[in-house]
Amino acid sequence: MHDRQDPTSNTEKASWWPTLIVVGLFLLIAAPMIALQHDRGRGRFDQLNYHEPAVLRFAEQWPTPDVSDYLSATTPAYHLVLAVVARFVSPSPVALQATGALFTVGLLVVFTRWLSLTLTRGRQGVVTATLLGLSLIASLYVFSAGVYILPDNAAWLGVLGILLLALRPRADLGLYLGGGAILLALVLTRQSHLWALGVLFASAWLGSAFEPKSSGFHEIGALLTRPALRLSRLAVMILCALPALGALLWFARLWGGLTVPIYHDYMKGPNPATPAIILAQMGVIGAFHVGFWWRGGVTMLRERRGVLALALIGGLAVLVGPATTYDRAAGRYSGLWNLLDKAPDLAGHTNLGVLVLGVAGVVAITGWLAGLDARRRWILLGALVAFAAAVSVPKNAWTRYHEPMLLMWGALASASAVARVRASDRERFVRTLGLIGLVVFLSGITVIKLSTEERIVVPKQSQPSIETPLRSLWPDAWKARWADDTAGPGAGNDAGD
């Protein structure tokens, strides 16, 4: 069946142009910014205040870096890689940023190559894969992590690798061993992405031949068939995930928690509004992807109204249950929250913009999932639920924590849906127009933010929201360099942008 086809089997047909265009454009823009040391935006703020001093401190301590406490809320793999460069090549920010950009290149190569392998139908496939790739790098948060010293894209590369492994039609040795290895690297880079283990569990549970005879509610019953076999595959996956789980437990014991000690009292959650803002973001992204999921939406409306009704009821519960008004103290600010701040509130509890966009997000997600084969439908649904649960743990429901994942999820779902059906010229036009609009929209935000933010030139020696002075974890060279300086223009607050 066509919808069971493994995209990796299309290697000879797939064009490399999407990869070359997307990576080439990123490097064309990022390289001058790195060379000229562009110093505006949240990415520059986080580099100067957290990640660059962490890297340089590890380099000074080499070969025995102290990972018991440092200026990053993530596990240290990304920083240790850059510390090797700082120690043995150059500690200059240009060298470190250029090295960090390689993780973004890897992310874009893997992402666009998979899209090209999935969308192999001539020129239209090349255009769609290119635009989907551009929509990812056009994001302020993905692009910033490619220019500045930020661990985000290194972690997103691991997340993408696990998603693509899980989406393969085979639950084989590659899933178990490859998934376990990628999960270990991912947990060592950003511990909060342990949620990706749920994606591997879903793929193992479904196995290589999950093809229910009917969809809708009957599909749930198919998930429970042959329980002994499914549990045995799940047990193998758990065994392969033990190194990642062991690494996380080791760090938790070392730190006395799931973050380094300096951040123990920072961003304590959870935030029940996070799933609501995720649905609202999916409403925005889904509007630009409408040409890809509308067929599935029509199918749901005509044939599976009960499932659609249940999805809308569940979505409304998520959207109206927690407070979704703009509130900095409650972590409901930055990104999309800022755009929706002017929307009216209902009873001082529910932001109307979040509600409307969230309902649109439910419809889009339902349409996307309905357009997929059963195996990919459950894996992508599980990924979205696991991700939303994980990012609800921190206090701050910031767009930058969600947008890269949601853009990748939408692209994977859209490409998978397109690969199953032949589209009319009108559908192809709507798809292309929508993706062009998404690229323009996201790149416009990126350009505005990176060109209008205040300059970030001096690191902060302390931060009101963190009890321990940041300066206490600076590298020795920084303590001498910035001894007489205080946070100057652009020092800012804990801005989510």
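Taken to the nearest 0.5 Å, the CD1 atom of I29 stands 8.5 Å off from the CD1 atom of I137.
In this structure, the side chains of F251 and L188 come closer than 4.5 Å at one or more pairs of heavy atoms. Looking at L200 and I162, their side chains come closer than 4.5 Å, going by heavy atoms from C-beta outward. Side-chain contact between L340 and L357: present, with at least one pair of heavy atoms (C-beta onward) separated by less than 4.5 Å. Residues L163 and M405 meet the side-chain proximity criterion, which asks for heavy atoms closer than 4.5 Å. Side-chain contact check for L119 versus L132: some heavy-atom pair is nearer than 4.5 Å.
Between W255 and Y70, the two ring planes are perpendicular [angle over 60°; tilted spans 30° to 60°]. Between H193 and W156, the two ring planes are tilted [angle within 30° to 60°]. W478 and W482 have perpendicular rings, their planes meeting at more than 60° on a 0 to 90° scale where under 30° would count as parallel. Taking the six-membered ring where tryptophan is involved, the planes of W368 and W293 are tilted, since the angle between them lies from 30° to 60°. Ring geometry, H38 versus Y148: the interplanar angle falls from 30° to 60°, so the pair is classed tilted.
Judged by the 6.0 Å distance and 45° axis criteria, R57 is not positioned over the aromatic ring of W474. Stacking of R400 on the aromatic ring of Y141 is not recorded, the 6.0 Å distance cut-off and the 45° axial limit not both being met. Note that R431 lies in the cation-pi zone of F292, set by a 6.0 Å cut-off to the ring centre and a 45° limit from the axis.
Remark: the D66 side chain and the S68 side chain contain an N/O donor-acceptor pair separated by less than 3.5 Å.
Between the side chain of T75 and the backbone N or O of R190, at least one donor-acceptor pair lies under 3.5 Å. Between the side chain of N153 and the backbone N or O of A101, no donor-acceptor pair lies under 3.5 Å. D69 places a side-chain N or O within 3.5 Å of a backbone atom of I262 that can act as its donor or acceptor partner.
With respect to D39 and R44, no salt bridge is recorded, no charged nitrogen being found less than 4.0 Å from a carboxylate O.
W409 is linked by a side-chain hydrogen bond (donor to acceptor under 3.5 Å, both in side chains) to nothing, counting only residues two or more places apart in sequence or in another chain. Scored by the side-chain hydrogen bond (donor to acceptor under 3.5 Å, both in side chains) test, S135 finds no partners at all (sequence neighbours excluded).
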